[in-house]
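Letters A, B, ... mirror the listed sequences (proteins, then strands); counts begin at 1.
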Amino acid sequence: MSRIVSRPAIIRALLKKELKAYSRDKVYLFLTLLVLIAIPLTYKFMPSKVNETITLAVSPSVSSMVEDAKDSLKAMGATDAQLAELDNADLSQEQEGLLLIEFDNEEDMQSVVEGKLEAWRAEDGALILRDPETDQDKPPNAEKLGLDIGIAFPKDFISNVAAGKSGVAVTVYSDANVPEEIQGAMTSFVREAAYQLAGKQLPVTMADDASIVLGTDRAGDQVSLKDKLRPMLIFMVLLMETFSMASLVSTEVLQRTVTAVLVTPAKTSDFLIAKTIFGTAMSMGQGLFVLLLVGGLTAGNWSLVLATLLMGSMMFTGIALFVGSSGKDFMGQLFYSMLFMIPLLIPSFSVLFPGTAASWVRVIPTYPIIDTLVGAFNYSMTWSDAAGSLAYAAVWVVALFGAGLFTLKRKVKSL
Amino acid sequence: MTVPAINVEGLRFSYGDLEAVKGISFDVQPGEILGFLGPNGAGKSTTIKMLTGQITPKGGKAQVLGIDISADDADLQAQIGVCFEEKNLYLNMSAKENLDFYASLFGIKEPETMEILRRVGLAERAKDRVHTFSKGMRQRMMISRAFVNKPKVLFLDEPTDGLDPVTSASIRKTIREEADRGAAVLLTTHDMFEADELSDRIAFLNDGEIVAIDTAENLKLKYGTRSVKVRLRDGAGVREEHIELASDGSSARLAELAASPDLLTIHTEEATLEKIFIELTGRGLAG
């Protein structure tokens, strides 16, 4: 019974079989469902707003410091107009991102920064302190304040500063988790506050146009953690799909079902084409599905995002072909998976801290993919902006995909 | 003269420095079953791998259905059926799905899957996934898969290895039916009983070489000794006498014993294929 079978018909039959094998395997199904459910859920519960205001605790209150200093300042020759100006001094610059929470008592402030007490702000602005260990009820209609830094000024801070005394001691309390650079910034703030309270002008002034934001000024419109994570989540989909695909390939190789396929009119090239189409389609399909659930596709970026997603899918399919045909057993496959996946995952973390990727991270094959996704999702990147990254990614796609196909072909021939 | 379904001349293959097949020659006619009998490592499976296009020969020539095996011709692949030694089935697919899939690779739009499964006694398990099958059932699946395209040439690598006698007999019956249909069958086995019962001709393969090839009958006549064992009553006991049929006076002696009142039984003692193999190669079939 000899008949000519077309290549597309053979590839179609192989694809149908791949889909059947995929849908029948509980591990693949679990991984797929995990990705398609867990990732959009993770996204849903991520914070969608960025708090650009730094909240700072001070003790004692500025008004009480001013009140206490008035007599001394008058004695030093301050005029009524100067004292009135001092009354109007406002260290709090909430609209500029700084909110001062004033404590009458330094010990209370220290306890709040240390986490022993909670600070809540009522609707009328009144500060409410709560001991979480003894107070059962939370204050009604109040907002909990996150205070990690507190500054304790000495009672006669203003008068001493105004008198030009040196060695005026100010204590900065900070939670252990506060980065060193923020603590440094607070020290600068204290110095500036001292100058201002002493009625002096800082030697350096910043004109409004002296601080130039290059690119789009995101002040007041920062990318939320939720949106920053979007490219990373898509990337996780591709990674998980790689595991599934590698497993599918290795099963075929280890159980030698491929040898049975290759004694039929199907050729090695048909087998490789079918694996390629199936792997890329599964990655791309799942990536797209998650992308639609978490948003990100816009009228302006859809073509760039889809092209980048396709390149990412092909890159990971190539890796899956390599991993699946390299491992001699499950442990071997796991070893090769880890060997590739861990380094390839690194660039996806760089999205959390834009601009921080070290030069060696930029060399990793997945970097241009993730970089383009970040740009397209969050920073209105265009095709021309992405041309360099895409060209670099294309080189890696060709290299990794070629390596995957070559390894699988060799493995199949050696069976 | 009939064109042989398989024609092999001086075929050779080596794994690195190890020469696995050393220039073998043979042919198989349509409807004929040629049994490749030899121990593990004799080169049986390597020969099948070459003839089915899984590996490329390092020397010699071979044609299957008149097509050179090195041509990598899809038309040739469409006309052969292969049963592998390892049971490489898709375990997560049902028996029917497995056969339907392979049928689709041959471009068969309406495969006779159920009929094939019925022939191997698996029709009732058609919808069950193969991972639920016993070893014998999987082996029957392997055989049925080789039949899916009604091949003109069947390559069967140890088709009954490790199976119980009932399953083995059932598989042998099916193979004979395929040969009767006109398929040429190349069968490898190290089971001399199977080779004897099933093969029209037998090739003894040892260390990559064919040391003898003929019908089982001719091999026995050519290499075996024919004798008769006669058991006679001897007082309270029993005595045995062996008579070599080719020796002088054997007929007269046999007639004399047959007429004896003490005669109990007469047994023909035919040389077994294993004995002949050992005689020819100096080694057994088990190793």
Side-chain angles (χ1 to χ4, degrees), chain A residues 1-30 32 244 247-275 278 330 409-415, chain B residues 15 45 48-49 51-56 64-65 67 72-94 97-98 100-109 111-112 129-131 141-142 145-155 157 181-183:
Chain A
M1 195 185 284
S2 173
R3 58 180 63 74
I4 302 298
V5 198
S6 69
R7 304 253 74 78
I10 289 175
I11 292 168
R12 250 196 326 272
L14 288 166
L15 285 172
K16 205 172 153 188
K17 182 266 301 174
E18 296 289 358
L19 192 62
K20 206 163 273 181
Y22 190 92
S23 64
R24 296 281 169 80
D25 194 291
K26 286 174 187 162
V27 178
Y28 310 150
L29 271 184
F30 172 74
T32 304
S244 303
S247 188
L248 206 61
V249 170
S250 75
T251 304
E252 189 109 47
V253 167
L254 295 175
Q255 294 182 355
R256 296 184 176 228
T257 42
V258 60
T259 55
V261 168
L262 296 180
V263 294
T264 69
K267 304 281 176 206
T268 309
S269 56
D270 300 328
F271 176 77
L272 295 177
I273 289 169
K275 288 282 180 208
F278 186 76
F330 176 74
K409 190 175 179 180
R410 265 189 66 168
K411 185 76 179 182
V412 167
K413 289 279 183 192
S414 72
L415 290 174
Chain B
Y15 296 100
S45 298
I48 283 197
K49 281 183 177 176
L51 294 176
T52 54
Q54 296 175 65
I55 52 175
T56 308
V64 176
L65 299 170
I67 301 169
D72 191 23
D73 193 323
D75 193 40
L76 169 60
Q77 303 297 96
Q79 299 181 77
I80 64 170
V82 185
C83 173
F84 295 85
E85 191 175 4
E86 65 267 7
K87 293 165 188 60
N88 49 1
L89 297 158
Y90 289 100
L91 303 179
N92 277 330
M93 285 161 61
S94 71
E97 286 169 341
N98 264 276
D100 284 346
F101 164 59
Y102 282 95
S104 67
L105 294 178
F106 287 102
I108 302 169
K109 291 205 167 56
E112 297 169 4
R129 294 193 193 176
V130 176
H131 71 79
M141 269 300 296
M142 293 292 294
R145 189 177 69 185
F147 297 164
V148 84
N149 57 328
K150 292 189 179 168
K152 289 182 179 167
V153 180
L154 268 168
F155 295 93
D157 198 355
R181 178 177 62 79

Where on Val412(A) is there a heavy atom nearer than 4.5 Å to chain B: the side chain, the backbone, both, or neither? neither

Arg129(B) meets the salt bridge (charged side-chain N to carboxylate O under 4.0 Å, His left out) criterion, sequence neighbours left out, with none

Proximal component of Asp25(A), with respect to chain B [non-hydrogen, under 4.5 Å]: both

Taking the side chain as C-beta and beyond, is there a heavy-atom pair between Arg24(A) and His131(B) under 4.5 Å? no

Between Val5(A) and Ser104(B), what is the shortest heavy-atom contact and its length? CG1-O, 4.4 Å

Could you work out, with ring-ring contact (aromatic ring centres under 6.0 Å, His included) as the rule, every residue matching Tyr90(B), not counting sequence neighbours? Phe101(B)

Side chain, backbone, both or neither of Asp100(B) within contact of chain A (heavy atoms, under 4.5 Å): neither

Among residues 14-21 of chain A, which residues come closer than 4.5 Å to chain B, judged by heavy atom distances? Leu14(A), Lys17(A), Lys20(A)

Shortest non-hydrogen pair, Gln77(B) vs Pro265(A), comes out as CB-N, 3.8 Å

Give, as side chain, backbone, both or neither, the part of Leu89(B) having an atom under 4.5 angstrom from any heavy atom of chain A. backbone

Please report the interatomic distance CD1(Ile55(B)) to OG1(Thr259(A)), rounded to the nearest 0.5 Å. 12.0 Å

Nearest non-hydrogen partners of Ala260(A) and Tyr102(B), listed with the distance: CB-OH, 3.2 Å

Does Lys87(B), at its NZ atom, have more than 12 non-hydrogen atoms belonging to other residues, nucleotides or ligands within less than 6.0 Å? yes

Does any backbone or side-chain atom of Leu262(A) lie under 4.5 Å from a heavy atom of chain B? Answer side chain, backbone, both or neither. backbone

Any side-chain heavy atom of Val263(A) within less than 4.5 Å of one from Gln54(B)? yes

Under the rule for ring-ring contact (aromatic ring centres under 6.0 Å, His included), what residues qualify as partners of Tyr22(A), not counting sequence neighbours? Tyr28(A), Phe278(A)

Chain B shares the most heavy-atom pairs under 4.5 Å, among Arg12(A), Lys267(A), Gln255(A), with Lys267(A)

